[in-house]
Amino acid sequence: STDRLPFKVRAYDLLAAGKREEAQSLLDLGRKELTLAEDEMPGLMALRERHGAKKPLAGVKVMGSLHMTVQTAVLIETLTALGADVRWVSCNIFSTQDSAAVAVAVGPNGTLDDPQGIPVFAWKGETLPEYWWCTNEALVWPDGSGPDQIVDDGGDATMLIHKGVEYEAAGAVPAFDAENEPEEWGVILELLRDELVKNPGKWTAMAKAIRGVSEETTTGVARLYEMEKANKLLFPAINVNDCVTKAKFDNVYGCRHSLIDGINRASDVMMGGKVAVVCGFGDVGKGCCQSLRGQGCRVIVTEIDPICALQAAMEGYEVKTLEDVVGSADIFVTTTGNKDIINAQHMQQMKNGAIVGNIGHFDNEIDIAGLQKLQKSGEVERTNIKPQFDKFTFKSTGHSILMLAEGRLLNLGCATGHPSFVMSASFTNQTLAQLELWEKKDTGEYGNRVYVLPKHLDEEVARLHLNKLGVKLTTLTQSQADYIGVPVEGPYKSEHYRY
Ligand code: NAI
């Protein structure tokens, strides 16, 4: 049985079902993928070389909630190489690569029968109760204690702890309003209600011991700033997303790569000539537009922000409202980090075979709940084509739309997310943030607020990735440096510079 294991990944379920060869081949694949990825992740490997001997994170308990992919596996093994005691979950039910998960659980020197890696609780295709079970498991160490620090992506781990503390203080968990609240919220409330009885005081003690969180993505960062504003943040937070070497690279070039990868792997539709609508022209939207245009799509943008709308127009994209184009476009992608972008009525008006997907963090950009309601009433029929690719047929019109990854981030649901090189920049920032939080934990430098890393570290992260691309930097002369008013060795830009 897999119940006695200190982790839960797909390969060990296969093993328990007598499918040893399949389990072994997942493990072999994962380790080979990791080795290849290490070559493409120079920032992380440089940190291992720089800090590996001193082990600055020795014994630090780090809990991570971030897509359990091959690239994340290299991040995990970097934190481990720096001495950290790590536990991990994915931050999305579809984003785990089962090969990477087992490679991390077994570790570089272990075997299937003698796993020596770290406890990871993640597999591709979790249910929502399983997802929150995993998060809860990873937050508690075998001695009953919680983490010292968190690596979060989207803020689910941080949110769970904060809600736990709130309800412990109130002495009760509120009732679930199934009519008006999303199904997932019901799952979270049930877990917290259970914990309130079984482990009273657990979340308050856990929050007290946490020295900080480093947050990966736009949506998670937005949640943190909301908590900060309401004076509800219970520990320091570092906003990794807004490092220039994160948002202006991962969000843009990462999505440029992985958006079409997801659409292709799921649908294999010819994109050239088709009309694609991208909702949102922020960092992710900009990368998605480039990606679709590169395939020969005629790209239309929707925006609410006049600056981003003007940017899109100046890049040569048409800017319209969704209502203008909903009946004529072939591909729809939401990138807003906002809710209710494409609703069931929109999908009712789409062309037959229209492809609909979301690349923003949460699945509420597309009204899946509305589709499910129509399904219950008999107006919509769902046909599963393959995992993470479904056809929804409307009875009254006879047309169908094709939904990617059930409205969850399609680049991680239908493909394998961003490639290693760009994630190296993101995760080098994550590692620097973890080092910073631990190093400064007793200095009082970080209160219960949201911080960004200093610019010299951002430049350092970029510097670590130049060699791999054969980039040669020009060096300022002292007199040039004096003329523009910067040090020869940087930082080169002011805080208000926007890149
Ligand atoms: P952003 O804030 O730069 O861009 C979002 C844009 O959407 C903004 O320009 C905003 O004005 C626009 N927008 C908001 N409501 C809208 C509406 N109703 N209609 C049209 N446009 C609207 O944020 P960023 O960095 O582009 O991130 C977007 C989302 O993608 C976030 O949820 C983020 O967490 C997620 N993300 C996903 C990644 C992935 O690999 N799938 C990678 C990085 C970020």
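Just so you know, ligand 1 is whichever comes first in the structure, and atom 1 is the first atom listed for that ligand.
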N or O contacts of ligand 1 with protein under 3.5 Å, please list pair by pair.
| from | atom 1 | to | atom 2 | distance (Å) |
| --- | --- | --- | --- | --- |
| ligand 1 | 3 (O) | D283 | N | 3.2 |
| ligand 1 | 9 (O) | E303 | OE2 | 2.6 |
| ligand 1 | 11 (O) | E303 | OE1 | 2.9 |
| ligand 1 | 15 (N) | N338 | ND2 | 3.1 |
| ligand 1 | 25 (O) | T218 | OG1 | 2.7 |
| ligand 1 | 25 (O) | N251 | ND2 | 3.0 |
| ligand 1 | 26 (O) | D283 | N | 3.2 |
| ligand 1 | 26 (O) | V284 | N | 2.8 |
| ligand 1 | 27 (O) | T218 | OG1 | 3.4 |
| ligand 1 | 32 (O) | T219 | OG1 | 2.6 |
| ligand 1 | 32 (O) | H361 | N | 3.0 |
| ligand 1 | 34 (O) | T217 | OG1 | 2.6 |
| ligand 1 | 34 (O) | T219 | N | 3.2 |
| ligand 1 | 34 (O) | T219 | OG1 | 3.4 |
| ligand 1 | 40 (O) | N411 | ND2 | 2.8 |
| ligand 1 | 40 (O) | H418 | NE2 | 3.4 |
| ligand 1 | 41 (N) | I359 | O | 2.8 |
| ligand 1 | 41 (N) | N411 | OD1 | 3.1 |
| ligand 1 | 41 (N) | N411 | ND2 | 3.4 |

Checklist entry - Can you say whether the rings of W123 and W133 are parallel (under 30°), tilted (30 to 60°) or perpendicular (over 60°)? => result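 W123 and W133: tilted rings.
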Checklist entry - H465 vs F421 aromatic rings, parallel, tilted or perpendicular, using cut-offs 30° and 60°? => result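 If you compare the ring of H465 with that of F421, the planes turn out perpendicular.
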What is the distance from atom [atom1] of [X] to atom [atom2] of [Y], rounded to the nearest 0.5 Å?
| X | Y | atom1 | atom2 | result |
| --- | --- | --- | --- | --- |
| K468 | L466 | NZ | CG | 13.0 Å |
| I210 | F235 | CD1 | CZ | 4.0 Å |
| L192 | E166 | CG | CD | 10.0 Å |
| L191 | W132 | CG | CH2 | 8.5 Å |

